[in-house]
Amino acid sequence: MTYPELPASHPELEEGILRIWEEEDTFHASLRAREGEPEFVFYEGPPTANGRPGVHHIISRTIKDLVARYRTMTGHHVTRIAGWDTHGLPVELEAERQLGISGKAQIEKLGIAEFNRVCREGIFTYKDDWERLSQRIGYWLDYENAYVTCTPEYVESVWWAISEIERKGLLYRGYKVVPYCSRCGTGLSSHEVAMGWADVVDTAVFVKFHLIGDPDGARVLSWTTTPWTLPGNVALAVGDEIEYLKVRVVGDSESGSGKAIAEPGEVFILAKPLMERTLRHEVEVLEVMTGADLVGRRYEPLFPGAVDADGAEAGRSEGGADGAGGAEGPSAAWTILPADFVTMEEGTGVVHTAVMYGEDDFRLGAQTGLPMQHSVDGEGRFVERVPGGLAGGHVKDPEVEHGILAWLTEHDLLYRSEKYPHSYPHCWRCDSALLYMARDAWYARTTAVKERLMELNASIDWNPAEMGTGRMGEWLANNVDWSLSRDRYWGTPLPIWVCDADEEHRDVLGSYEALAERVGALSSEFDPHRPDIDEYEWDCRSESCGGRMRRIPQVLDAWFDSGSMPYAQWHYPFENEEEFRVHFPADFIAEGVDQTRGWFYSLLALSTLLFDETSYRAVVVNDLILDQEGQKMSKSRGNVVDPWTAIDRHGADALRYYLMSVSSPWLPKRWDPDGIGDVERKLFDTLRNTYRFFSLYAGLEGWTHENSGARPPSERSVMDRWLLSRTDSLAEELRAELEGYELTRAARRLSGFVLDELSNWYVRRSRDRFWATRPDAETKQAARDAFATLHETLRTTAALLAPFAPFFADWLHRALAGESVHLADYPVSAGRIDPDLERDMRDVRELAVLGRAAREQENLRVRQPLRLLRAVVPGGRRPSQAVLELLAQELNVKRVEFLSDTDDIVRLVVKPDFGRLGPRFGASTPEVARLVQNLEPEQARRLRAGDSIELELGGEDVAIAPDEVSITEVASGELVVRSADGYLVGLDRMLDEELVAEGIARELVNRVQRLRRDSGLEVSDRIELGIRGSDEVESAAQEHREYIAGETLAVGVQIGGEGDGGSEEWRDSELDGHAVRIGLRRAR
RNA sequence: GGGCUCGUAGCUCAGCCUGGUUAGAGCGCACGCCUGAUAAGCGUGAGGUCGGUGGUUCAAAUCCACCCGGGCCCA
């Protein structure tokens, strides 16, 4: 056979391979090939297909594919089912945009049915983009059996999960404080909130709270920038340790301000550090106290009746958002409580607490059992209970705000007000100021399994480990109950039906059968989505209740959907029980850091709640791809990079390899097109060239691997044995790293091998073995050995490379072995690792670096042979003779000798080993180090010989052992010397006639080769050669005639003489100041 | 505001967990070599107050504290 020619470019190669994969269905073939083998379980985190995939999606897809391919090659069956996340706000927002509507009011006006129809249509807008991109980058995934989170089957499994949580008593109804747009009637996600910050000027008020039973009639001063929350006030918070003052007004309001209202003799309490900034009156201090002294004091409500002392939104708060539970009765209302969120930065040091209208407030309320009752309704209007004519007014209406101030003034509750400029979040759709409001919500009591969550999390192999202990660990340690419900439309409907007569009566359905049991058979077209599902109702089954069961209006948090995929993708527990068991938990998942509180959490939380188990054993986290300036890519910045440009230009392999090798997956990366080009040029072009070299000469020599004629590896040349040893070592090292998910380390190691060892050393140093110039048996055999070695190594390299760069690896493997690499096994060592040989080669390569530097320094070109190289290797090692031959060739020297310390050109340099001396001598270390560096040669020699020596340190003798120093040789004298890291070379630069003649001969060869090439000859063409020049040149040519002829494939060499000698090509050139004339013609 | 994370050469990154006195690599740049892989290959060199300040230590890129800057997540 002949080895095929490479396609012109990487992208072209990849497209060819894609066609082959499609024709052969290689993906499924690779699955079938591992049928019955151990399962390696992978979960695909479902993307939302209503947005375009970008470069940041490529990195996690590359990681996933890499691991899946690797595990397949190590003999595992790797099920890879695609999935689509189809519910949630992104889909709804897109639908709103398409419909040209905005907000809940408009959606409901349009009708939920129509709205959800548009949502459903939009979920796969970019599905093709995703599939196309995934396919193009070689991400093998089963798209035919993809799970889709909005199908009836999927939803039913999710229902089952919710009913299980209910069955375990971990489902409850409570409140959650959310940024809420009262116009749109919806809470906003943090992402939406972030879009709507604006600088506004609000009215901040200082309010007097009248203490009950205080001997001085003191009023506690508090402060707020949201006066509308004052009717909802149920407590004041102080810092336990903070110093507070009780002061009496002794004078009038200071001139100018005029607005602060207080009578002489009025008594205030506030934090000492904030007194000056707060008060506008002259005061005398009556008493100094701490927050702890104030705790427990009661005060009069500002707006009597606005909140009932024992009020709660009718039995809904079973535990509070923190699951703290423990309502202690109404006594906590309108008292002073301790809290850790009180700061001295603004206000009075006394924090007005309206439980329903602030995150801190709510938490405090839940912990202490404060009444949880709204003073503002869902449309942002004060409820009937609020006095002062405020009821029914919108809280941000200026007139209503005015009314609040009027009420306060009227009842002597206002000290003063001020304009307060700050940033405040607004609805990005309608610009209304957002209200932080507690909203009705359903929770999973994850806090009940918090310890278990942390335990299971600790058992997960997080990559990087800090992600598990740090970000995820911290998050779990501060776990709060999972808010499951969303006041939206397009989502899994919560399967919760509540009785209209008694809220304690509820049905949480875990299957469609359970629904059918209550409402009669469902149609075959049954779809669980709103609004149809809202129509189902039935009589309460509780004894003599008489109420009707109605579905709560909320839908489910979409993270619950995606976190349910381990069972929902199989429609477990309704079918496929066996598949579920086999595929749970996952051995491996990989997603971006932003999933810590998203999918990583929802997967773990659900499997813990449902199965008391983790749902993934190992996870590789990746960070974002930033733009070239280090900024996050976002549509609004307009800096989103299209991955196709890079793929079309450099190929998917280069992009994948770049992403894996540039830095660890979990570090943010700047998008660097040049870096991708570098990978293409360095790694892939090198591999192409290496292959091209192989196939060119294998073709010329008629060598094939089926009939290689090579000797067993152990009988081949030292270079072959070295390369096979390295290849075996590499396979072992890569396996270990890939098992440990050290993907970047593995990628770098592999490209290091290809570039430095395979191409730059093995091929470069072995080239002439691939053309059997002299047809003797020995040369032929050496060539066959070399072909076999290079063939095997390239083939192994293809297999090692396959998970990283599936296209090129497959092309190469097919070219060399005739079958897909993705059906092959990942290489293992064939037992040819020779540590001594590898070490010798490392030594020699270090020496080569120094030798080249020495030549460079003296302007001694490599074609000029030199007599002698003297060398030192650390530890007194002596590389074997065969390996030294390679060094002699590389540096073009006749002989390599090793220096010994008896040589007079060697000087010993002793360096202190601080790691040993430091602990022993402590503060005297620098002094000892100085002495060691200035030892007499005799003492250095004794250390070198393994004896200890005595030094005088501060009048005392101390012994220095040989292992407390390191000793290196430095040469001096006539040699050109270079040294580093214990290695040393000394080059004898003296030339004699013989060496000069040989140098000339090599120059001549060089000139002839150039002329050959410029004349358009094939590398295997034979020539007739003519050389003319000075006596020196001609005699050198004469002397090395055979060498020149052999190197240039000259069948005849004519030296000197006249005329053109029949040559077709002539060239005049110069050689070390000698004029030279070279002629050649192709021999017949 | 809180948590996590990153900051090392012009660029992209190692090294930091486990402190050791001369901080590495690749790219780019300059110079050179080689040429039977040739729209290839190899080498040499210049280039860094390791974000800043303070601390611990005989010794700090490395450990600690604070600060500055980028990023993510959460408020």
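Letters A, B, ... mirror the listed sequences (proteins, then strands); counts begin at 1.
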For this session: With C1' as the reference atom in both, quote the distance from B/rA9 to B/rG54 in angstrom, rounded to an integer.
Result: 27 Å
Rounded to whole Å, the CD-C1' distance (A/Glu5 to B/rA37) equals 14 Å
Separation of B/rG36 atom C1' from A/Ile1023 atom CD1, nearest Å, is 12 Å
A/Tyr983 OH to B/rU22 C1', in whole Å, measures 18 Å
(Q) Under 4.0 Å, counting only non-hydrogen atoms across every strand here, what does A/Val763 touch: a base, just sugar-phosphate, or nothing? (A) base
Inset, instruction - Would you mind checking if A/Glu964 and A/Arg916 are paired as a salt bridge, meaning a charged N to carboxylate O distance below 4.0 Å? - result: no
request  = Determine the Euclidean distance between corresponding P atoms of B/rC72 and B/rU57; express it in Å to zero decimal places.
outcome  = 40 Å
Applied to residues 676-699 of chain A, the salt bridge (Lys or Arg N to Asp or Glu O under 4.0 Å) test, sequence neighbours excluded, yields A/Asp678-A/Arg681
Donor-acceptor contact present, side-chain A/Asn622 to main-chain A/Trp666, <3.5 Å: no
The nucleotide from B/rU12, B/rA37, B/rG36 with an atom nearest the side chain of A/Leu1049 is B/rG36
Requested in this report: Rounded to whole angstrom, note down the P distance from B/rU62 over to B/rG71.
Outcome: 24 Å
Here RNA chain B, pairs taken as Watson-Crick or G-U under 3.5 Å and shown with ( ), [ ] when crossing and | when to another strand, reads (((((((..((((......[...)))).(((((.......))))).....(((((..]....)))))))))))).
I'd like the P distance from B/rC17 over to B/rA61, given in whole Å.
12 Å
To the nearest angstrom, the CD-C1' distance between A/Glu701 and B/rG36 comes to 11 Å
A/Phe600 CZ to B/rC4 C1', in whole Å, measures 14 Å
Each nucleotide of nucleotides 25-30 of chain B classed B (base within 4.0 Å of a protein heavy atom), S (only sugar-phosphate) or -, in 5' to 3' order, makes -SSS--
From the candidates B/rA14, B/rG43, B/rU44, the one with an atom nearest any side-chain atom of A/Arg852 is B/rG43
By nearest-nucleotide position on RNA chain B, the 5'-leaning member of A/Gly915 and A/Leu667 is A/Leu667
Atom CZ of A/Arg767 and atom C1' of B/rA37 are separated, to the nearest Å, by 7 Å
Handout entry: Salt-bridge contact A/Glu1003-A/Arg861 (side-chain N to carboxylate O under 4.0 Å)
Key = yes
How far, in whole Å, is B/rA37 from B/rU22 if one measures between their P atoms?
-> 44 Å
Within residues 743-752 of chain A, the residues having a heavy atom closer than 4.0 Å to RNA chain B are A/Arg748
### Task
Rounded to whole angstrom, note down the P distance from B/rU18 over to B/rG70.
31 Å
Correct closest heavy-atom pair for A/Ile59 and A/Pro665 would be CD1-O, 4.3 Å
Between A/Arg764 and A/Glu890, is the closest basic N to carboxylate O distance under 4.0 Å?
-> yes
Contacts of A/Leu917 and A/Leu850 projected onto RNA chain B by closest heavy atom; the upstream (5') one is A/Leu917
**Prompt:** So, does A/Thr229 use its side chain to make a donor-acceptor pair with the main chain of A/Tyr357 at under 3.5 Å?
**Reply:** no
Taken to the nearest whole Å, OH/A/Tyr436 to C1'/B/rC74 is 12 Å
Test side-chain contact (heavy atoms from CB on, under 4.5 Å), reference A/Val763, set A/Thr793, A/Thr690, A/Leu723, output is A/Thr690
Sorted by number, residues from residues 683-694 of chain A placing a heavy atom under 4.0 Å from RNA chain B are A/Asn689, A/Thr690, A/Arg692, A/Phe693
A/Trp666 atom CH2 is separated from B/rC13 atom C1', nearest whole Å, by 14 Å
- Message: Do A/Asn1006 and A/Arg1002 pair up side chain to side chain, a donor and an acceptor below 3.5 Å, judged on atom types alone?
- Response: no
Short heteroatom pairs, N/O only, protein and nucleotides 56-63 of chain B, under 3.5 Å:
from: B/rC58; atom 1: O4'; to: A/Gly922; atom 2: O; distance (Å): 3.3
from: B/rC58; atom 1: O4'; to: A/Ala923; atom 2: N; distance (Å): 3.3
from: B/rC58; atom 1: N1; to: A/Gly922; atom 2: O; distance (Å): 3.3
from: B/rC58; atom 1: O2; to: A/Thr925; atom 2: OG1; distance (Å): 3.4

* Asked: Taking atom P in both B/rU44 and B/rA39, what distance in whole Å separates the two?
  -> 26 Å
- Item | Distance between C1' atoms of B/rG28 and B/rC11 (Å, rounded) | 7 Å
Check: Does the ring centre of A/Phe770 sit less than 6.0 Å away from the ring centre of A/Trp703?
Finding: no
Does the side-chain ring of A/Tyr697 sit on the six-membered ring of the B/rG36 base, less than 5.5 Å centre to centre and under 30° in tilt? no
